[in-house]
Structures are given as C-alpha cells and as structure tokens.
Amino acid sequence: MQNADVARFFDDLADLLEIQGANPFRIRAYRNAARTIENLTESVAGIAADPEQSLRDLPGIGKDLADKIVTILDTGRLPQLDALREEIPPGVVEMLRLPGIGPKKVAVLFRELGVASLDDLEQAAEQGRIAELKGFGKKTEQSILAGIAQVAAAGKRVWLAEAKTLADEIVAELSQRKSVGRASVAGSCRRLKETVGDLDVLVTSTDPAATMDGLAESERVSETLSRGETKQRVRLRSGLEMDLRVVPDDSYGAAMQYFTGSKEHNIVLRRRAQERGLKLNEYGLFRDGTSIAGRTEDEVYRSLDLPWIPPELRENRGEIERAEQGRLPTLIELSDIRGDLHMHTTATDGTATILDMVNGAKARNLKYIAITDHSKRVAMAGGLDAARLREHWANIDAIRKQTSGIEVLCGIECDILEDATLDLPDDVLSESDWVLAVLHYGLKQPREQINKRLLAAIRNPHVSAIGHPTGRLIGKRPGAEIDFDEVFRAAADFGVMLEINAHPARLDLDDIHAAAARDLGIPIVINTDAHSVSGLDMMQYGIYQARRAGLEKQNVANTRSWSQFRKLLRNRS
DNA sequence: GCCGTTTTCGGCCCGACTGTTTTCAGTCG
C-alpha cells in the first residue's frame, strides 16, 4: 500500500466526519495525519514493519492513529470508515466539490431533503425545493445549479507550465497600469507545484477600484465571480480562476508570505508567532497590535527567528525545522545544468534532425547530450530495431566528428517490455554510450510485475538510467504502481541513475520520490525528453520539480562537467 | 485526535466575502 493510499483513508474519514458535524479538531487531526503520511519520503508500510522505528514518532500521529494505520496496512480497510459509509452515501460526499457548498450545507440537504447525489441535488434545485430550506435562498439554489454545470465541465487543475505562463502575462499586464506598484504571482504557482488549481496574484495599488476594473476588462478575463474592497475573484478565458488581492505597501511582504502558502506551512508559522506572543496575518507580524514586520518576506521570517525559506519548499515537510537549524538546501538552478540525456530526432518521433538538436543544445550552453530515440516496441513512433539503431548511431558519430564544444552520446530510450525483458539485445545495448530504460506499455500490470520489470532493467549492466520511472501523464493517466522502496534500493545498489523527466505532463519522478531517491544517494538526472529544438527549453520545469524536492546541484548528475559525468558512467561497469 | 521547559486538560491559525441574516454562519483559501 502506497503512502497516498493510506492518506486517502484519513481524508475520506475527515470528509464524512465533517458532514456528520464531529469535533472540528478531531477532523483536523485526521487531515494533518493524511498530510504527514502523504509527504513522507519513506514508505509508511516500511516504518510500520521496522522494529527500529515507530509510527508514533511522526508528527500528529498518536496511539489511535498509529493503530488505525496498522489496521489499514494489515487489512486494507478501516472499520470506522466502513461504518460511516453505511450512514452517508458516496454521492453526499461528492456534493462537497461544489463551490460554496461545504459540509454543513451538505448535511442539511441530506437530512432535510434526502438529497444523496449530484443528480438528486440538481433535481431538487430545479424544483425550487432548496430555496425553501432555512439558511438557503434563491441565490444559493442558482449557484448550486451553476456549480453542477461547472463541475461537469472542468474545474480541473492545470499543468504548471500553462498556469505560470498565464500568470506571468497577467502580472506583466497589471504592472503596466499607472495605479499599480508592486505585482507578483503567489499561491501554488509561485511554489512551482506541478499542477495549479487557481492563480493568486498580489498587487499594491494607489487606486484599488480602478485596478479591479482594469482586470475585469482584461482580454484574458471572462467574468468577475466576486469582488470586495481588497479581493476580486475572476474566471479567465482559459477556464482557470484567479484571485487578485490588493494590499498596502507596508504589508506586501506579509501578504506574499500569506498568499504563497502552503496552508500547512502557514499554520506552523502562525503557531510559531503565537508562541512568541505575536500574531501573524496577511497584513504583518504584530505585537500588541503594533506591526513589527511586513514590508518584505525576509523581514517576516527573520522576525520569527528563521531565514527566508524558498517558496518551493513551503509545504511543511520539515523545511521549517531545517531552516531553524541552518540546514536549508542551496537549491539547484537552471544555470547549473551541463547536459541533457534524453531527446529525440527525426529518426523516430522527433521533428528535428540530429544536427538541429546538437546546435540547439550548444545554443543553450550544454556541454554534453545523449540522442535517445525510441526502440522498436514503440511502433507508433517508428521505434528502431538493432539494424536501424546502428545506422542511426553511425549518423550521430559522423556529426559528432564534425562538431566541437559539445559531447554527443549515442543513446537509446529502450523499452522495458511487459515480460521484463528489454526491447533490444544486450550486444546492441553494450555498444551504446547511454541506455535509458523506460516503461511505456503495460503500466496497469500488478505491482509485482512492474517491480520485476524495473528490477530486471536496473540489474542489466548496460542500463545507465531509468527514464520517467512511473510513466504517469499528469491529469491523464496515473503512473504504474511501483514499490519504490525496493526499486530505489536496487538503483542505489547497482549505481543506476533515476530521471526527473522535465516535460510538463510528466515531471516524473515527482518531488516526494525525487527527495526519497536523493536520501538514498541515488544520482538524479534531469532531462527534457525533447521532441524538437524548442523542447530543450522544458529543462526549466524539471529544475522546478527538483527544487521542490529540495535537490542541490551535487544531487543531480548532469550538473557535472563532462569529464566528471563520464566517470560516473565508467563506474557503472 | 494530538500535544505539552508555563499545561496530562484545555487548548488547537486567520481573515475576506457571500448570502441570508438583523448580527452572523458557512465557505474559502
């Protein structure tokens, strides 16, 4: 059982308890436990099985929750959850997804009207039965109908690449207005999370009303959803929603801190303020009603006896403790990257020639690259068999001889087949400078078989790295189920690198698993998987993911000079 | 349900906006 699966039990339990009107602090305890488990770099099953470790050492896990975790791991069920599900149908929980509808309203709808699904709810709204309930009205009824349509339509999270591009454009647009002073993206987009649910933008303004009018009239905005003195929520034409907050200049740093989040990080900070007799909110840090910090984020953190913490790390995954101890990582930057070990050409499904890719890489100041076209199993992309691959390598060789200033490796993205063999024979792989082994097919196989495949690839002496280890496509398909503990141990033992694939749809390994791999000393490679020259620019998104994992330059193999990187390869055999 | 160099009981982060109210609960981030 994966950490995320265990966490889900507690989130589901919390949802049901909320509808039931249970003690809010008990509910919070379940949610805190879910976050703690989700953010672990070790597997919770591993901790439970290890006599040297105790679940109760995890923050927010006491006797009761430790027992519940063991029950979940042993039986795959949680009796309390099963009992609650008997009382509250799944459709009732689903209603929580509607904007403006929370547990209290859901409970009333279920209790008073017997509404037990989105379909029931839509019917009741159309019949005007909702507006008659106490605490409800015509507007709530209308917003329920609008919400149902919205949930059906989309309301989904978008890739960071899309959200960030849009957010940067909007900030630039707002910055041009005369009334606007400072402007910045905040929220999960600033934390560079792999997906973004909505945008948060912060501005200082001499004329808030005019600034909000300006946003409402922007080409990128389709409608204003709500608007007050300091906050405006709009829907963008792309479907994404955005909050604009207008804050006083003296509060800008505190507001940036507050609206960047994460919620979990902020809760710990506010508690820290309380312990020091202070109060922290979006307007500043206050002692007895007098502001003692707020103009800059740095000021806020310093006044809480902490160094400034990079937004990418603000998830309450131990960054506050590390900051306190002066052990914050020096996060990797794009300019640290020297090589790119995953890219395609017209030999398979790329759109650029070998020479184009080589020149594109040189233009981006890379010192070494690997050309890694597909192996034959990926027939749709025109994958290469042994003969075509050798021919391709000869072409790469020819170009390498007439090129200077960059090392070009004859590589291959070799499929790990469903039966745990590799798509090309060992004698071919042995001629390669760089073998990236990957899963493309059979991702739904049971975990045991997936692990068998990955372990077989890792043990093959010709394999250099595992590319996009889970095979997930964010928002489109989940990755393969992997026993990460076992795979990571094998990668560490055999000196096989693991990839963070920089494509915005992959970002695979994710932040948590990349951190776990780093903890085991496994060298990480960040690669673009470029299918065109401009695809080489995706490196930035891989760097973002690595920063969220807390990776430093020395954790990432392709920050090394070519001569250093080559040594890593030689150590392999 | 968790947690504790002020506590094993009594706390548990904070404010804006909306809709339904006539002073505030619910929701959201």
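The chains referred to below are lettered A, B, ... by the order of the sequence lines, with proteins before strands, and numbering in each begins at 1.
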Item to complete: Under 4.0 Å between any heavy atoms, over every strand shown, what does Ile27(A) touch: base, sugar-phosphate, or nothing? Just pick one.
Response: nothing
Worksheet item: If you round to the nearest 0.5 Å, how far is CD1 of Ile130(A) from NZ of Lys138(A)?
Response: 10.0 Å
Worksheet item: Which nucleotide in the set dC17(B), dG29(B), dG1(B) lies at the smallest distance from any side-chain heavy atom of Arg245(A)?
Response: dG29(B)
Worksheet item: Picking from dT20(B), dG1(B), dG29(B), which would you name as closest to the side chain of Lys139(A)?
Response: dT20(B)
Fill in: Heavy-atom pair of closest approach, residues Leu509(A) and Ala517(A)
CD1-CB, 4.3 Å
Worksheet entry | P gap between dT22(B) and dG26(B), integer Å | 15 Å
Response to the item:
Assigned chi class of dT5(B) under the 90° convention is anti
Practice prompt. Measure the distance from CD1 on Ile37(A) to P on dG1(B) and round it to the nearest whole Å.
Written response: 15 Å
Practice prompt. Answer yes or no: is there a donor N or O on one side and an acceptor on the other, between the side chain of Ser43(A) and the main chain of Gly46(A), under 3.5 Å?
Written response: yes
Fill in: Short side-chain to backbone donor-acceptor contact, Glu481(A) and Arg447(A), under 3.5 Å
no
Worksheet item: CZ of Arg26(A) versus C1' of dC12(B): gap in Å, rounded?
Response: 15 Å
Fill in: OP1 or OP2 of dC17(B) under 4.0 Å from side-chain N/O of Gln232(A)
no
Worksheet item: Asn23(A) near the nucleic acid: base, sugar-phosphate alone, or nothing, with a heavy-atom cut-off under 4.0 Å?
Response: base
Fill in: Separation of dG29(B) C1' from Arg314(A) CZ (nearest whole Å)
16 Å
Worksheet item: Atom CG of Leu13(A) to atom P of dG1(B): distance rounded to whole Å?
Response: 9 Å
Worksheet entry | Atom-pair distance (CD on Glu275(A); P on dC12(B)), nearest Å | 12 Å
Discussion item. Roughly how many Å apart are dC14(B) and dT21(B), using the C1' atom of each and rounding to a whole number?
Written reply: 23 Å
Practice prompt. Answer yes or no: is there an ion pair linking Arg35(A) with Asp11(A), defined by an N-O contact shorter than 4.0 Å?
Written response: yes
Fill in: Distance, rounded to the nearest Å, where Ile267(A) contributes CD1 and dG15(B) contributes C1'
13 Å
Worksheet entry | P gap between dG29(B) and dT23(B), integer Å | 29 Å
Discussion item. Checking contacts here: which listed nucleotide (dG1(B), dG15(B), dT18(B)) is nearest the side-chain heavy atoms of Ala29(A)?
Written reply: dG1(B)
Fill in: Atom CD of Glu223(A) with >12 non-hydrogen neighbours under 6.0 angstrom
yes
Worksheet item: Could one point to a donor on the side chain of Asp198(A) or the base of dG29(B) with an acceptor on the other under 3.5 Å away?
Response: no
Response to the item:
Under a 4.0 Å heavy-atom criterion, the protein footprint on nucleotides 22-28 of chain B, written with B, S and -, is ----SSS
Item to complete: Looking at every strand, decide which applies to Tyr258(A) at a 4.0 Å heavy-atom threshold: base, sugar-phosphate, or nothing.
Response: base
Discussion item. I want to confirm an ordering. Mapping Tyr30(A) and Leu280(A) to their closest nucleotides on DNA chain B, which one lands closer to the 5' end?
Written reply: Tyr30(A)
Item to complete: Spell out, as yes or no, whether a donor-acceptor pair under 3.5 Å connects the side chain of Ser175(A) to the backbone of Ala183(A).
Response: no
Discussion item. Work out how far the P atom of dG15(B) is from that of dT20(B), and round it to whole angstrom.
Written reply: 26 Å
Worksheet item: Just how far, in rounded Å, is P of dC2(B) from CG of Leu58(A)?
Response: 12 Å
Item to complete: For Arg271(A), answer base if it contacts any base atom (sugar-phosphate contacts may also be present), sugar-phosphate if it contacts only those atoms, and nothing otherwise; contact means non-hydrogen atoms under 4.0 Å.
Response: sugar-phosphate
Worksheet item: Is Thr140(A) near enough to dT20(B) that one of its side-chain N or O atoms lies under 4.0 angstrom from OP1 or OP2?
Response: yes
Discussion item. Nearest whole Å is fine: how far is dC12(B) P from Glu264(A) CD?
Written reply: 19 Å
Worksheet item: Is Leu269(A) touching bases, backbone alone, or none of the nucleic acid, heavy atoms closer than 4.0 Å?
Response: nothing
Response to the item:
Of Arg547(A), Lys164(A), Arg157(A), Arg472(A), the one forming a salt bridge (Lys or Arg N to Asp or Glu O under 4.0 Å) with Glu194(A) is Arg472(A)
Worksheet item: Counting heavy atoms not belonging to Arg8(A), are there more than 12 under 6.0 Å from its CZ?
Response: no
Worksheet item: Mind checking the C1' distance from dT7(B) to dC3(B)? Whole angstroms is fine.
Response: 10 Å
Item to complete: Look at the side chain of Arg97(A) and the backbone N and O of Gly147(A), then say whether any donor-acceptor pair between them is shorter than 3.5 Å.
Response: no
Response to the item:
In Watson-Crick or G-U wobble terms, with both distances under 3.5 Å, the base opposite dC2(B) is dG11(B)
Response to the item:
By nearest-nucleotide position on DNA chain B, the 5'-leaning member of Asp64(A) and Asn281(A) is Asp64(A)
Worksheet item: Counting any heavy atom closer than 4.0 Å, what does Arg28(A) reach on the DNA or RNA strands: base, sugar-phosphate only, or nothing?
Response: base
Discussion item. If the cut-off is 4.0 Å, is Thr230(A) near the phosphate of dC17(B), judged by side-chain N/O to OP1 or OP2?
Written reply: yes
Item to complete: Using a 4.0 Å heavy-atom cut-off across all strands, classify Lys134(A) as base, sugar-phosphate, or nothing.
Response: nothing
